[in-house]
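Letters go in sequence order (proteins before strands), and every chain restarts at 1. None of the values given here were measured: they were computed from a predicted structure.
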2 protein chains.
Amino acid sequence: MESRPLRYFVAVAQELNFARAAERLGIASPPLSRAIRKLEAELGVTLFERTTHSVALTPAGEVLLTEARIALDALDAAGRRARRAADPEPKLVLAVKADADAGLLDPILAGYAADPASRPVSLRLCGWGEHTRLLREGHADAALLYEPFDHTGLDAETVTTERRVAALSAAHPLARRDSLSLADVTSGPPGEVDQFVDEVAARHRVRDLPQLLKLVELGDLVTLLPESVPARYPRPGIAYRPVPDAPPAVLAVAWPQQSRSTATAALVRAATSLRGA
Amino acid sequence: MESRPLRYFVAVAQELNFARAAERLGIASPPLSRAIRKLEAELGVTLFERTTHSVALTPAGEVLLTEARIALDALDAAGRRARRAADPEPKLVLAVKADADAGLLDPILAGYAADPASRPVSLRLCGWGEHTRLLREGHADAALLYEPFDHTGLDAETVTTERRVAALSAAHPLARRDSLSLADVTSGPPGEVDQFVDEVAARHRVRDLPQLLKLVELGDLVTLLPESVPARYPRPGIAYRPVPDAPPAVLAVAWPQQSRSTATAALVRAATSLRGA
DNA sequence: AGATTTTACGGGCGTCGTAACGATT
DNA sequence: AATCGTTACGACGCCCGTAAAATCT
């Protein structure tokens, strides 16, 4: 199994259209069509159900898509990590989303710097759910992120857990109460709080916390945040109210499972050693 | 990054000899030499320190070797899993080493068969430490195996924990005692028991339990075994003695981390539901 | 009729193999 | 002298691109 046909396959599977996929790959349609047929022949499996005006994945194709993404990520990561291993002054790259650190980034870095195995740290700021991709593709050595996330190929340790607060407009009727319950906020089935939080952000096309808070201030939405946020983002127009029955927010440090780096291990030590504090 | 040069690289890194690696790959030396140079150029990194009569990996090469193995395994696994996904009557392949099941294989299979999500099971018997390779390369859907093992790319749950017993010749002086301590048996630093067990087997080139017991009977060695063994392998010439201070043997069920198969999930349920019993 | 995938054909680039060279033990 | 990695060179094959055909909406 070669990697190039697999890249072609992923492109087609994403576009579900040979012409567009070919364009994205920078080749013409015919070679692409043949490459896919050859791949199907090699595997002895039909990957796409094609009619002239529609392309759909077969069950085998679905499986290959998820597996192929993993394999191709690993391939990219291999090259990138080898390159970085040749760096005479290797930096430790830590992926963090702005403000998604429970205020612990500085103490973690301070504790890390004191470790003899530590290295200079390069922060890689990233957005929603990018952490895991950066780790899997070899762009980052470690990441600081909130659960839940896809643990595939990663190891992780909990850094801290926080209670949640609801953020709502100061003018909102619920703001008059001192404390809220989960049902007041999510209005959905319980136990899906993490999904709820992600969906709120995704639905409004919000990419960072200040934007989200702006929408809250305008009364457009109510959301749940870790309790470390209010102290760092006081807003006159926003009321933060505890939600005692909401499950806690879990901040974790994650790293590629196969990592054998002592520098990464030291960072994990530094991050987890704050749990007691 | 293409997969073929990476396969070539792994071959050279394993053989540390271009000629032998080329032979193993079924090509001549020159193309291999050029492929490696090209790969080094692409990465901008030196992978081997070559003098005419010695080839050694650079640090970057070491990193690439471990990463490349993972990526190539994932690539193979992708093809194999896609093939198997096209099977209209898919079987669940369970990797087990003979006698390394704490006697739980039958109950697990029985419980599994009762699950509506279950499928016909095909047992894949394997040897020392092969389980993880079978999982990673897509040959097996799940494995039943003792800790410790390399968890990279795998998820696992504990099935059961067992106390350990020492197996020694009935004629051995220690056999007169009712109970032994760890120090009597390992004679090495403590806390390395799992390593000790593996090494005993590796050192004597033993591939299965009956062979190992034969050596024990002859008085050639003393080893630690899970306490489920004596009942299934009574031997007049062998004394089994409890070792209370030995850490327990942990039997686990493992599966590829990215698995979304309900059939695999059902097997895991069946295996872990025996914990209480 | 329009859009899309697939077959047909010709050209180029990559990779391979044989042969010769250089270097080290 | 022998062994091993590398360079040189000629050839084969795979993959690509353009053009045309087939098929479904």
Practice problem: Send over the distance from B:L39 CG to C:dG14 P, rounded to a whole Å. | Solution: 16 Å

Quiz item: Are any of the side-chain nitrogens in A:D141 or A:K91 under 4.0 Å away from the carboxylate oxygens of its partner?
Solution: no

Quiz item: Taking 4.0 angstrom as the limit, do A:E40 and B:R83 come out as a salt bridge?
Solution: no

Practice problem: Would you kindly give the CD-to-C1' distance between A:E49 and D:dC24, to the nearest whole Å? | Solution: 15 Å

Quiz item: So how far is it from B:L92 CG to B:T264 OG1, rounded to the nearest 0.5 Å?
Solution: 5.0 Å

Practice problem: Using a strict 4.0 Å threshold on nitrogen-to-oxygen distance, state whether A:D73 and A:R133 make a salt bridge. | Solution: no

Quiz item: Looking only at heavy atoms, which two atoms of B:A22 and B:L32 are closest? And how far apart?
Solution: N-CD2, 3.5 Å

Quiz item: What string of B, S and - do you get for nucleotides 5-17 of chain D, 5' to 3', if B is base contact, S is sugar-phosphate-only contact and - is no contact with any protein heavy atom under 4.0 Å?
Solution: SBB-------SBB

Self-check item: Separation of C:dT15 C1' from B:E2 CD (nearest whole Å)
Solution: 13 Å

Self-check item: Shortest non-hydrogen contact between A:A77 and A:R136, atoms and distance
Solution: CB-O, 3.1 Å

Quiz item: Taking CZ from B:F48 and P from D:dC4, how many angstroms apart are they, rounded to a whole number?
Solution: 16 Å

